Trainee: 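Dumping the structure here so I can ask a few things about it.
Naming: A, B, ... by sequence-line order, numbering from 1 per chain. Quantities reported herein were computed from a predicted structural model and do not represent experimental measurements.
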2 protein chains.
Amino acid sequence: MKSARFITRNSGVAIWRQIADQIRGDITAGKMPSGARLPPEVTLAERFAVNRHTIRSAIAALTKEGVLRAEQGRGTFVANSKKLTYRIGERTRFSEILATQVRETRGILLGHRIEDAAGEVAAALGMAGGQVIRIDSMHTADGNPVSCATAWFDAARVPNVVEDYRVSGSITAALKAAGIDDYLRKSTIIAARHADAEDLRHLRLSPGAIVLVSTAINVDMDGHPIEYARSRFAADRMEIAIDGKSMV
Amino acid sequence: MKSARFITRNSGVAIWRQIADQIRGDITAGKMPSGARLPPEVTLAERFAVNRHTIRSAIAALTKEGVLRAEQGRGTFVANSKKLTYRIGERTRFSEILATQVRETRGILLGHRIEDAAGEVAAALGMAGGQVIRIDSMHTADGNPVSCATAWFDAARVPNVVEDYRVSGSITAALKAAGIDDYLRKSTIIAARHADAEDLRHLRLSPGAIVLVSTAINVDMDGHPIEYARSRFAADRMEIAIDGKSMV
DNA sequence: TGTTTATTGTCTAGTTGTATAGATAAATAG
DNA sequence: CTATTTATCTATACAACTAGACAATAAACA
């Protein structure tokens, strides 16, 4: 029924974390559907050959993550862990996409700076020199961090984008303030990698977690690139769907 | 010079392990060539904002792994960490391949059992029913575990393969004992994934490590499949090269 | 040459985290 | 009422991390 369970002692990785990762893996792999009951703590303790308290540490971590839900006297259950779906199409707006799936989304400015346009950023924005504004931000859905993003804009085109974004928490609103009433998604590239240290902090992940990386170019209605952005989504909490006219 | 360094406290992953993983990552990513000197312990301690003893734990782990080498009064250096290359061609023999790179290789029988031929195994071996012998083994190079493998054989074709392999530690020898003097590699598929618990044990890896998975079919000189094998290589210690007439 | 400086190695000590063991309470289902 | 299951508590042992001091080695310098 369950795959062989081994843990490595004295590896620098706590046993409770190894167990938590295995259980989370089983759940996200679909071995345990939403609502399914976990074996009781004593059974798990025997199966992993550890103390019951160690199992409880693992369960506590997953409960805090929202993956499990423990009910005294009844058992421990797989929480409603439906992933959010980030559907990418020609008109892709963070808050609109999630509006039907969560109660509230928020964009938080983490930092910004001016950089010289160079390399892939310059290429994506169609710039030959000049300066770009870089904005680092993160997004929450119902209070849970779901993504963090780095976006680059042509500094000449949208000089006040930082302040506008800080106030509104929305790229769409910040661009509108710069006279760009509408924009379209021109291209999206999706990759996956281990979360780096910064992702871990902002998305509240544990080391070894996986992030989906979406690299996108948005253009104005004349087709001129206005934003180049790289977003990292916690792969545990989010999946990405590509709409129609397959855009890559 | 060095990418931003963050560590996550109280994550269930010891700080020394997080630091060791980052340093090892820098080295295998080529940021620190073989022989390069690491910054002194006090500098690293400041950079990671941890105690010097914690840095020493990370360095000790990497020294034990053979990745670093510390010299009192001089500094800590990147050891000669050249990966072994597993070159796959039509004539692929584990011991022959590594013969020029290491002093000594060994095959160790971990376990075996009889299974009903089914699914991908039956398909690969061209069997419609009957039984297969499954052998789990691991390989060491100069005493260091470098791979573990699961191989399936048609039980009717090589009935004594287990005993022959146990004695010789060599598939080539075991097949010869069954009258198969020579064999060829027909196909190889290579993938990568996180090491599972069994890989961790046998290859002495730490949780989160990555393994290269090679799935291969060997055929006799008449082209009949005789072995279907899935080998897992520690991606830290081994890389795979594909020879000529690109076979996939 | 001897001296200073930079670096790794070793030691003691205290705090917090991790894992074990055992006992008991509280809630649920039958 | 009873059996099952999660929740709490005490206690012990060891690992992990911090802090500070000093020894040992190597290289650079006067």
Trainee: Is the base of D:dA7 touched by the side chain of A:R52 through a donor-acceptor pair closer than 3.5 angstrom?
Mentor: yes
Trainee: Could you check whether the side chain of B:H53 and the base of D:dA16 have a donor-acceptor pair of N or O atoms closer than 3.5 Å, going by distance alone?
Mentor: no
Trainee: Return the value, rounded to whole Å, for the distance between atom CG of A:L38 and atom C1' of D:dT4.
Mentor: 16 Å
Trainee: Using whole Å, report how far CD of A:E46 lies from P of C:dT20.
Mentor: 14 Å
Trainee: Would you say A:E198 and A:R232 make side-chain contact, with heavy atoms under 4.5 Å?
Mentor: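 No. Closest side-chain heavy atoms not under 4.5 Å.
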Trainee: Checking all strands, does A:T76 fall into the base, sugar-phosphate, or nothing category for heavy-atom contacts under 4.0 angstrom?
Mentor: sugar-phosphate
Trainee: More 5' along DNA chain D: A:N10 or A:P40, using each one's nearest nucleotide?
Mentor: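 Mapping each residue to its closest nucleotide by heavy atoms, the 5'-most match is A:P40.
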Trainee: Flag the pair A:V13 / A:T8 as yes when at least one side-chain heavy-atom distance between them is below 4.5 Å, and no otherwise.
Mentor: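 Contact flag for A:V13/A:T8 side chains = no.
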Trainee: Is A:R113 reaching over with its side chain to a backbone N or O of A:R134, donor-acceptor style, under 3.5 angstrom?
Mentor: no
Trainee: Please work out if B:V42 contacts a base, only the sugar-phosphate, or nothing of the nucleic acid, heavy-atom cut-off 4.0 Å.
Mentor: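 Nothing, no nucleic acid heavy atom in range.
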Trainee: Please report the distance, rounded to the nearest Å, between CD in A:Q72 and C1' in C:dA27.
Mentor: 5 Å
Trainee: Between C1' on D:dA15 and CD1 on A:I15, what's the gap in Å once rounded to a whole number?
Mentor: 11 Å
